Amino acid sequence: MTTTAQIGTEALRALRIDGARLLRRIDELARIGADPLGGVTRPAFSAEDRQAQQYVRAEAAGAGLRTEVDQAGNVIIRRAHDTVPGPVVLMGSHLDTVLNGGRLDGAYGVLAALEVLQTVVEAGVELVHEPVAVAFANEEGALFPQPFWGSMALTGQTDRLPDDPRDRHGDSLAGPLHLAGGDLAQLGRAAWPPRSVRSYLELHIEQGPVLEELNLPIGVVTDIVGRVVYDVRVRGRAGHAGTTPMGRRRDAAVAMSHVVIAAERTATTAGRCRVATAGCVTVSPGATNVIPSEARISVEFRDESAARIADAATSFVAELRAVAELTGCEIVAEETLRTVPVPTDPALRDLIAACAEDLGHGHTRLPSGAGHDAQIVAEVAPTGMIFVPSLKGLSHTPEEDTAPADLVAGADVLLQAALALGAGDR
Ligand code: GLV
Ligand code: MN
Ligand code: MN
């Protein structure tokens, strides 16, 4: 068997991923859940998400790799050793998408991690710290509003997850999770023992405009923003749209509009946090001639500072009381997620920058405005993130794209960082 010593550091540094194979897989995976309206709709635990998992597992098996699904529905890919020596170098991202999302968010990081493993297998390299790839379940929370589900379970943070997770329509996760190969009753068993991850690396598209504007192929992520998410429920009173005088209404849609504007003002005029979004809004009963009796709004605030997120949240909740008074509606806001801003590991930042440098790829350091499984794994292991440019800075939309050369460059940086960590050089 080839050893690290036999193959030598120089030979390791000369290894490259198979760019054509990576790009082919990205195209093939994008067909799973391709939305007739454009882009990809592959929410976690949907039939399409399961199909994506099967696709990745089949590609991995074809490469001689071993795959398994844990109790949380995470797909884990290893080299075909009987036992995996720990601690490992874990790499990955997620396969699920938002509704009408793009083909790269998450999928790119998983397929690149698979590509790194396959490259290592084909080169016959033995490493001190084994590379392992993971496709985390439900990073987005598009259908089941429990984002970071899989990474929280794998890192033993199940106390941050609901006991009885349900989707947006109130249906239990138990059945869909079982179909995906998981087991809700045994969720705790998905947790890896402490110190089993030496380092976690996630390669991802930037999803913003910075790298493209700087014309640089590689971003070294310094921090990942924090976020607070509210599920706001408004209860008004239904009534006849033609006969109920304006002064006698408790219109849930009007209250909802005030809630959306209050959220927006929190970030703009009040400047309490960087961004605010009311992304999911429903009104019922939803008829032209009925005054709406109920509304539901998702509201989230993000910032690089936990204190600013807390301040935005407090001021928003206070504004909701004023909206309730103004409109005569009952308003209840439940906090469904709070993540703190997370710095990446400084040594991994330097390593990623050095790998980019060695490969001749220009790079810069930048924070991430999007959330990532990396921020969850960072609770238990040193974590690094690599970004590649997003065309026009677009993401979470069908137009999301990245130049093929940049996709290949990012995967080569991932490979080199994983090899350096795996060989125990760093
Ligand atoms: C993850 O995609 C996020 O919403 O940041
Ligand atoms: Mn996303
Ligand atoms: Mn993502």
Side-chain angles (χ1 to χ4, degrees), residues 26 29-30 33 35 39-44 46 49 52 56 74-75 91-113 133-152 200-208 210 219 221 223-231 267 273-280 298-304 309 336-342 344 366-378 383-390 393-402 407 410 414:
I26 289 173
L29 186 52
D35 195 310
V40 181
T41 295
R42 204 166 55 217
S46 63
D49 188 39
V56 168
N74 296 314
V75 176
M91 294 165 287
S93 196
H94 57 98
L95 293 173
D96 63 309
T97 71
V98 295
L99 308 183
N100 295 119
R103 64 197 189 110
L104 296 173
D105 177 0
Y108 169 50
V110 172
L111 292 174
V134 61
F136 285 119
N138 198 13
E139 189 266 356
E140 301 282 10
L143 176 59
F144 285 88
Q146 298 94 35
F148 309 119
W149 168 267
S151 46
M152 284 186 180
Y200 174 69
L201 296 173
E202 183 162 347
L203 171 62
H204 207 282
I205 53 169
E206 181 202 330
Q207 308 182 272
V210 177
V221 177
D223 305 86
I224 303 170
V225 288
R227 165 161 56 146
V228 61
V229 182
Y230 287 101
D231 180 11
C273 60
R274 196 161 60 78
V275 287
T277 308
C280 185
S298 72
V299 174
E300 59 149 75
F301 302 107
R302 302 195 192 201
D303 202 90
E304 286 81 14
I309 291 171
T336 57
L337 180 82
R338 190 177 286 239
T339 58
V340 292
V342 169
T344 55
L366 76 173
S368 171
H372 299 288
D373 290 305
Q375 75 197 78
I376 306 301
V377 184
T383 290
M385 277 201 85
I386 306 158
F387 274 174
V388 293
S390 289
L394 291 172
S395 183
H396 282 186
T397 152
E399 289 87 54
E400 173 186 285
D401 210 353
T402 295
L407 293 171
L414 180 69

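This is a predicted model, so every value here is computed, not measured. Counting starts at 1 for both ligands and their atoms, in listed order. Keep in mind that the numbers below use all heavy atoms, side chains included, and drop hydrogens, waters and symmetry copies.
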Could you give the distance from CG (Asp49) to OG1 (Thr41), rounded to the nearest 0.5 Å? 12.0 Å

Can you name the N, O or S atom of His396 that is closest to the Mn ion (ligand 2)? NE2

2.8 Å cut-off (strict), protein N, O or S atoms about the Mn ion (ligand 3): 3

Donor-acceptor pair, side chain of Glu202 and main chain of Ala374, under 3.5 angstrom: yes

Using 0.5 Å steps for rounding, measure from the CG atom of Leu407 to the OG1 atom of Thr402. 5.0 Å

Where does ligand 1 get N/O contacts under 3.5 Å from the protein, atom by atom?
| unit_1 | atom_1 | unit_2 | atom_2 | d |
| --- | --- | --- | --- | --- |
| ligand 1 | 2 (O) | Glu140 | OE1 | 2.9 |
| ligand 1 | 2 (O) | His396 | NE2 | 3.1 |
| ligand 1 | 4 (O) | Arg302 | NH2 | 2.8 |
| ligand 1 | 5 (O) | Arg302 | NH1 | 2.7 |
| ligand 1 | 5 (O) | Arg302 | NH2 | 3.3 |
| ligand 1 | 5 (O) | Gly371 | N | 2.6 |

Taken to the nearest 0.5 Å, the spacing of Tyr230 OH from Arg338 CZ works out to 5.0 Å

In short, salt bridge (charged side-chain N to carboxylate O under 4.0 Å, His left out) pairs touching residues 137-150 with sequence neighbours left out are none

Nearest-0.5 Å distance that lies between atom CG in Asp223 and atom CG in Leu366: 9.5 Å

If you apply the rule side chain to side chain donor-acceptor pair (under 3.5 Å), what do you find for Glu400 with Ser395, and how did you get there? CA-CA 5 Å; Glu400 173 186 285; Ser395 183; 2.7 Å; yes

Spacing of His372 atom NE2 and Leu203 atom CG [to the nearest 0.5 Å]: 10.5 Å

For residues 94-103, pull every pair meeting salt bridge (charged side-chain N to carboxylate O under 4.0 Å, His left out), keeping only residues two or more places apart or in separate chains. Asp27-Arg103, Arg103-Asp401

Roughly how far, to the nearest 0.5 Å, is CG of Leu104 from OG of Ser93? 11.0 Å

